Amino acid sequence: MHEDAAELGVSPPSEEPRATTSIDDIIRMVKTLIEKGHAYAAANGDVYYDVSSFATYGQLSGKHLEDLRAGERVAVDPHKNDPLDFVLWKAAKPEEPSWDSPWGKGRPGWHIECSAMSTCCLGNHFDIHGGGQDLQFPHHENEIAQSEGATGEKFVNLWMHNGFVRINDEKMSKSLGNFFTVREILKLYKGEEIRYFVLASHYRSPLNYSDQLLDAARASLTRLYNALRGLDVPSTALVEDEAEAKFNKAMEDDFNTPEAIAVLFDLAGQVNRLREENMELALQKAGLLKRLANVLGLLEADPEAYLQAGAGDNDDVEQIESLIQQRLDARASKNWAEADRIRDQLHAMNIELEDKDGKTSWRRC
RNA sequence: GGCCGAGUAGCAAAGCGGUUAUGCACUGGAUUGCAAAUCCAUGUAGGUCGGUUCGACUCCGGCCUCGGCCUCCA
């Protein structure tokens, strides 16, 4: 998993706590919740959270307790005071791993694990908590109730719930048989292409996967790299530019990456136009383009290297360059038929040529 | 059934009560030996039915469709 994440340009986490090594913290939090009147131990050895003790329960997901009770569809556990109460500590079952606790042997409930571990690693109050949209209720709702109930402090400032990946507008799932992994896609597409594909729609929206969309991502990225190609891009670029303000505004608006990417294309167009008439300014804009794209983890590669790299192996570079030289010779003697034949041959190898200023560059397509 | 969220041109995807989103694809032109890349110009939208407004893709309501959650597990 870490390898695949790295391929997509995802930074590794600084801490990865495990529930099984956080049992003491979990027990401590459950005890605190009981002491503060937010939880109760039932006769069967379970400990439950008393939802009615937390006034704002349901606020995150916009739910009301009455609606939730009305929607009950399943037989209620008789040990709960209220059907909505959820388990903090579960009495041990014979075949399951268990730990000692003040309430007897048992194991933690799912929700409390996350509250205890996040509080331990990040403190009582932290800035951003993310997760899939399916976790908003009840899991995140329960985390808030637990953490704020235990600490008396605000839990997190901002919740980010991402949409699901779908395939042909169907949910990706094992039962539908349309399940595949990042690793499999990485055989066909570069990590940066997948990253672009993900960033090209808002994180809250569902993301529909298809090879056509990955191809489109590839084409878009090619345009951006083409704008930088052949330029000696300065590492320090324009301090002030309208584009930067627009980019930042988009990102500050709940990570509106599609809008931020549109700014990148505006800059790419400017660079392309300025190359002819004002190289100095073109370089400044290119530097800005690269710097802003880097914020999104894009355009970090050398353009030439990127455009010539295949998704798989590429051990045929020598052959390609030899063919290009043969074609240059043919062109020099105005043997257009031979030149075109070689270009067709390269095209069959998915190589696209570009003649410019007497030189020929190539890229994979 | 209840509660949230969404429905934008050929494909994908944003903002915005009136003025070009953006990318790919398509069309015409420039450039090129021909291409490619690039530039210029242009076409194609807002699920549906109503309402508010001088004016709605944008606000309000109904309907339709899709997604998430509403039990356990993580």
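Lettering follows sequence order; numbering is per chain, from 1. In this text, all values refer to a predicted model and were calculated from it rather than measured experimentally.
- With sequence neighbours left out, A/Phe180 forms a ring pair (Phe, Tyr, Trp, His ring centres under 6.0 Å) with A/Tyr209.
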Dot-bracket encoding of pairs in RNA chain B, which uses [ ] for pseudoknotted crossings and | for another strand, Watson-Crick or G-U under 3.5 angstrom: (((((((..(((.....[...)))..((((.......)))).....(((((..]....))))))))))))....
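- Looking only at distances, no side-chain donor or acceptor of A/Asp357 sits under 3.5 Å from a matching main-chain atom of A/Lys359.
- The side-chain hydrogen bond (donor to acceptor under 3.5 Å, both in side chains) check on A/Asp215 picks up A/Tyr189, with sequence neighbours excluded.
- A/Asn335 and A/Ser333 share no donor-acceptor pair across their side chains, judged by distance under 3.5 Å alone.
- Residues satisfying the side-chain hydrogen bond (donor to acceptor under 3.5 Å, both in side chains) criterion with A/Asp302, sequence neighbours excluded, are absent altogether.
- The closest side-chain heavy-atom distance from A/Arg364 to A/Ile320 is below 4.5 Å.
- Apart from A/Leu274 itself, the hydrophobic cluster it occupies contains A/Leu281, where clustering links Ile, Leu, Val, Met, Phe, Trp and Tyr at side-chain heavy-atom distances under 4.5 Å.
- Sorted by first and then second residue, the side chain to side chain donor-acceptor pair (under 3.5 Å) pairs involving residues 255-269 of chain A (not counting sequence neighbours) are A/Asn256-A/Glu259.
- A/His202 comes within 4.0 angstrom of sugar-phosphate atoms only, judged by non-hydrogen atoms across all strands, and of no base.
- Rounding to whole angstrom units, CD of residue A/Glu276 and C1' of B/rC40 are separated by 14 Å.
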Letter per nucleotide, 5' to 3', of nucleotides 27-33 of chain B [B base touched, S only sugar-phosphate touched, - untouched; heavy atoms, 4.0 Å]: ------B
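- Checking A/Asp134 against A/Arg363, the closest nucleotide of RNA chain B that is more toward the 5' end is the one next to A/Arg363.
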Enumerate the protein-to-nucleotides 3-8 of chain B contacts in which both atoms are nitrogen or oxygen and the separation is below 3.5 Å.
| unit_1 | atom_1 | unit_2 | atom_2 | d |
| --- | --- | --- | --- | --- |
| B/rC3 | O2' | A/Gly62 | O | 3.3 |
| B/rC3 | O2 | A/Lys63 | NZ | 3.3 |

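- One atom, CG of A/Asn142, and another, P of B/rC72, lie 10 Å apart when rounded to the nearest Å.
- Between A/Asp254 and A/His202, the shortest heavy-atom distance links the atoms O-CE1, 3.0 Å.
- Residue contacts for A/Glu352: at a heavy-atom cut-off of 4.0 Å it reaches the sugar-phosphate backbone alone, with no base atom in range.
- Through direct or relayed side-chain contacts under 4.5 Å between Ile, Leu, Val, Met, Phe, Trp and Tyr, A/Val87 connects to A/Tyr40, A/Tyr48.
- For A/Asn256 and B/rA14, the shortest distance from a side-chain N or O to OP1 or OP2 is not below 4.0 Å.
- For A/Glu16, the side-chain hydrogen bond (donor to acceptor under 3.5 Å, both in side chains) test picks out A/His2, with sequence neighbours left out.
- Between B/rA74 and A/Arg107, a contact under 4.0 Å exists linking OP1 or OP2 to a side-chain N or O.
- Among the heavy atoms of the strands, none lies under 4.0 Å from A/Gly163.
- Of the candidate nucleotides B/rA74, B/rA36, B/rU38, B/rA74 has the atom lying nearest to any side-chain atom of A/Glu113.
- Backbone-only engagement by A/Ser205 is indicated by non-hydrogen atom pairs under 4.0 Å involving sugar-phosphate atoms exclusively.
- With sequence neighbours excluded, no residue forms a side-chain hydrogen bond (donor to acceptor under 3.5 Å, both in side chains) with A/Thr151.
- Among the heavy atoms of the strands lying under 4.0 Å from A/Leu213 are primed sugar atoms or P, OP1, OP2 only; no base atom is included.
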Under 4.0 Å protein heavy-atom contact, by nucleotide of nucleotides 18-24 of chain B - B base, S sugar-phosphate only: ---BSSS
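- Side chains of A/Ser61 and A/Gln136: no donor on one and acceptor on the other come within 3.5 Å.
- Taking the P atom of each, B/rU31 and B/rG47 are spaced 43 Å apart, rounded to whole Å.
- The environment of A/Gln59 atom CD is sparse: at most 12 non-hydrogen atoms of other residues, nucleotides or ligands sit within 6.0 angstrom.
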